[in-house]
**Q** 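Submitted below is the structure of interest, expressed as structure tokens.
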Amino acid sequence: MRTREKRTIVRGRHQLEEEEEEVEMATAEEEEEVAVEDVPEGDETEGGDETEAEAPRRPRRGKQGKCRRVKQELDSNIGCRRVPVGVHRLAAKVNLTAMCRTSIVELDGDHWTPTGKGRMRSRMTWDLCWAWYRALSETQQAQIARMGFGHLLSVRPFHLDVPYLEALRERWEEDCKAFIMPWGHMIPTLEDVAYLTGLPVQGEPVVGLERRDYYDDIVELLGPEFVAGRRRPIRSILLGSLSEAVGLRGGRRGPLETLEEFSARVSGLLDLEGRSEERCVRIFVSYLFGRLLFATQSSQMNCKFMLLLRDLAQVGRYAWGAAMLGHLFSLLPSSSQRSQSTGGFTPFLQIWGYTHFPMGRGTQVEGRQTMVPLMTRWEVAPNSRVTDRRAGDVRVALDHYPHEQVVWTPYAGEADASHPAVAAGRPLFDRHLLLLCLGTCEVLYLELVVRTLGWHQPAIEVPSLGREGHSHRQFFAEDRDWGADHGSTVAYWREGGEQVVQQRDLQDSSAYMEDYQARYAGRLRLDQRVMPESQAIRLLEGRLAEQEVELTRLRAEVRTLVSSINPILKLI
């Protein structure tokens, strides 16, 4: 008994220390957003983007010193709030960690911080990107739309389904660049990107020059204020400095503030005086890249993307959708192992899952059924009964999801197939490709998911695919041109990759499933198909809560229709 009590005490102490560390990290990140300061060489890399062998050795003393300073600040001013007189500081800290355990802190609308050990954290500020875009002039909005980003920026930001994304990332398999589901491999494809986001997936690959020092480029393209007081070489800039430069410092969306109210407030705060139209557009698109499309686990933006914005008239020729997908693939491994952060455009991943195996808390909005990007169809309400579920519940739901209900071809009957992104990208929808995003080259193994093309899946040995990409995301001692270094890869993209061949003699996908289940027996937990009663109850309660959310929405629509019809009936 004493040993068991001792273990319980130690486990509780470790849990408290982990929660305190999360609070400290969140506070440190908030400070980093506000402070515009130099980053020592070797610390400017995008967090979590380097391979272990390539990552530069970082001195631990500075990092520990920063954590110690944050800890001292927390001790004296818990959560940036003064500790009331007579309340012990440890008690205040315990209360703060308890609050963090039961809620999700949202910053800038989508900059969410998960609660508890292993939960995901994101650095996206989708709300601010959406509101900032609407505050720009019509000329600037039209220019950004010609670059290929206008359709995506028409999507209203929604809440991220953290448990759903967390359960998804755990199923990512790096060897085959696919999610390991009970019903087979699943991979987001360029067809998903085109239909869901409206981003261009056809065009020039996102490759170009990467410099060892961007000082002169920053002065020319963004403005000298972004390098004031900084020493050379400069390889990255704090994303908070971009919003701060246009008067949006601290422009976070309040918990009770609607999107429209937040947008109006951002419009009043935005200050673009003294800047040219092109410079204003470059600052916004740089923020869009760093905080949304190519979000990383860092508060800084690698300036390599900025060079692609030198000639704004040429920005629209790039395949940004393919680059976004490759960037997402490259960050999923680091997100699914040691890190508590995640990178990439995760809202796309969330809606991709809702579209193919609908079991999340999103609902499709009536009247938006023929619109591309199809992400506009979805509303994800912050309903407490659904958001309180855990990743473990989603894992169980995925393990027991009916295979026959998986939607392999969700766009078969879409009426908006003439959308520019869809029409231009259609020749690539049945091709094996390499997805390029500057130093990143990720493989799209379409052979593993031909059921998304409406075909039967043949048995295939994953290692025999024989094509490997590369991901190098460290800084270099000299300038480097990715297009020149990987000319054959660029040529492969421009030639349209390779045609995936349909095997017409297959009657079903049973042979593939036999090989698949044998290969991934351990990950699929086939010996745990009998669900414990407690898990079954939680699963059914979660589904009931989701249905109640949908029922509430439908009742509200009925009331709206009735209120609009009543005046007409009175006139009759």
Side-chain angles (χ1 to χ4, degrees), residues 44-46 49-51 54 146-149 177 188-190 193-194 197 199-214 216-218 220-221 235-236 282 285-286 288-290 292-296 301-332 343-345 421 424-425 427-428 431-446 467-498:
E44 292 179 325
T45 51
E46 300 170 345
D49 287 357
E50 298 170 350
T51 60
E54 297 162 344
R146 287 193 295 272
M147 297 177 184
F149 309 123
K177 309 290 182 183
T189 66
L190 291 185
V193 174
T197 70
L199 288 169
V201 297
Q202 172 69 287
E204 285 295 304
V206 178
V207 295
L209 183 66
E210 186 165 352
R211 300 190 192 279
R212 66 175 298 275
D213 184 12
Y214 295 93
D216 297 331
D217 300 297
I218 295 173
E220 176 192 354
L221 301 177
R235 300 182 175 103
S236 62
R282 286 195 188 98
V285 176
S286 297
L288 176 70
F289 284 172
L292 201 63
L293 281 186
F294 305 108
T296 68
M301 182 193 72
N302 190 322
C303 294
K304 61 188 178 183
F305 289 104
M306 190 176 61
L307 297 184
L308 300 174
L309 303 178
R310 184 180 299 277
D311 186 355
L312 295 181
Q314 297 298 316
V315 176
R317 66 190 179 96
Y318 291 108
W320 294 111
M324 181 274 291
L325 190 61
H327 182 264
L328 178 65
F329 284 2
S330 71
L331 293 186
L332 276 171
F345 187 37
L428 299 179
R431 313 282 292 186
H432 174 91
L433 294 163
L434 297 175
L435 307 174
L436 298 168
C437 184
L438 289 175
T440 298
C441 175
E442 295 291 334
V443 189
L444 177 60
Y445 286 123
L446 193 64
R467 306 179 190 90
E468 294 184 1
H470 59 266
S471 293
H472 302 295
R473 289 172 291 277
Q474 81 278 17
F475 290 111
F476 299 97
E478 57 185 16
D479 294 355
R480 187 165 184 174
D481 190 340
W482 289 109
D485 292 350
H486 303 285
S488 60
T489 303
V490 173
Y492 184 80
W493 168 265
R494 288 175 175 163
E495 292 167 2
E498 300 177 39

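As a basis for the values below, the full set of heavy atoms in this structure was taken, side chains included, without hydrogen atoms, waters or symmetry mates. When a residue number appears, it is its place in the shown sequence, counting from 1.
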**Q** Taking the six-membered ring for Trp, are F289 and W320 ring centroids under 6.0 Å apart?
**A**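 Yes: the rings meet the under 6.0 Å criterion.
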**Q** Is the ring pair H432/Y445 parallel, tilted or perpendicular, if the boundaries are 30 and 60 degrees?
**A**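 Correct class here is tilted.
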**Q** Just by modelled atom types, is the R212 backbone N or O under 3.5 Å from a matching donor or acceptor in the R235 side chain?
**A**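 Side chain of R235 to backbone of R212: a pair is present.
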**Q** Let me confirm one number: the CZ-CG distance from F305 to L288, rounded to the nearest 0.5 Å.
**A**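 Reported value, rounded in 0.5 Å steps: 11.0 Å.
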**Q** Closest heavy-atom contact between E495 and R431?
**A**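 Looking at all heavy atoms of both residues, the shortest contact is O-NH2, 4.1 Å.
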**Q** Grab the two heavy atoms, one from A319 and one from G203, that are nearest each other, plus how far apart they are.
**A**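 Result for this residue pair: CB-N, 4.0 Å.
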**Q** Decide yes or no for L221 and L309: does some side-chain heavy atom of the first lie under 4.5 Å from some side-chain heavy atom of the second?
**A**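 When only atoms from C-beta onward are counted, L309 and L221 do not touch, as no gap falls below 4.5 Å.
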**Q** If you look at every heavy atom in A194 and A421, which pair is closest and at what distance?
**A**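 Minimum heavy-atom separation between A194 and A421: CB-O, 3.9 Å.
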**Q** Considering all heavy atoms of both residues, which atom of C441 and which atom of T489 are nearest to each other, and what is their separation?
**A**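 It is SG-CG2, 3.7 Å.
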**Q** Considering all heavy atoms of both residues, which atom of P205 and which atom of V490 are nearest to each other, and what is their separation?
**A**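 Smallest interatomic distance, heavy atoms only, reads CG-CG1, 3.8 Å.
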**Q** Kindly indicate whether the side chain of R494, heavy atoms from C-beta on, has any atom under 4.5 Å from the side chain of E204.
**A**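 Yes, their side chains come closer than 4.5 Å.
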**Q** Could you state the interatomic distance from CG (D217) to NZ (K304), rounded to the nearest 0.5 Å?
**A**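 NZ of K304 is found 15.0 Å from CG of D217.
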**Q** Do F149 and L293 come within less than 4.5 Å of each other through their side chains, counting heavy atoms only?
**A**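 F149 vs L293: side chains touch.
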**Q** Is the closest side-chain heavy-atom distance between W493 and L434 below 4.5 Å?
**A**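 Side chain of W493 against side chain of L434, heavy atoms only: no contact under 4.5 Å found.
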**Q** About how many Å separate CE of M306 and CE of M301, when rounded to the nearest 0.5 Å?
**A**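 With rounding to 0.5 Å, CE (M301) is 6.0 Å from CE (M306).
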**Q** Less than 4.5 Å apart, any side-chain heavy atom of L444 and any of F329?
**A**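 Side-chain contact under 4.5 Å: yes.
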**Q** Between atom CG of L435 and atom NE2 of H327, what is the distance when rounded to the nearest 0.5 Å?
**A**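 So the CG of L435 and the NE2 of H327 are separated by 12.5 Å.
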**Q** Tell me, with the steps shown, if E210 and N302 meet side-chain contact (heavy atoms from CB on, under 4.5 Å).
**A** CA-CA 10 Å; E210 186 165 352; N302 190 322; 4.1 Å; yes
**Q** Any non-hydrogen side-chain atom of F294 less than 4.5 Å from a side-chain atom of L331?
**A**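 Of all side-chain heavy-atom pairs linking L331 with F294, none is under 4.5 Å.
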**Q** Mind checking the CZ-CD1 spacing from R282 to I218? Nearest 0.5 Å is all I need.
**A**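 One gets 13.0 Å once the value is rounded to the nearest 0.5 Å.
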**Q** Give the minimum heavy-atom separation between L199 and G148, together with the two atoms involved.
**A**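 Where L199 meets G148 most closely, the heavy atoms are CD2-O, 3.6 Å.
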**Q** D481 vs L209, test: side-chain contact (heavy atoms from CB on, under 4.5 Å). Steps then yes/no.
**A** CA-CA 4 Å; D481 190 340; L209 183 66; 4.2 Å; yes
**Q** Measuring from L446:CG to L190:CG, what's the distance to the nearest 0.5 Å?
**A**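 Rounded to the nearest 0.5 Å, the CG-CG separation comes to 8.5 Å.
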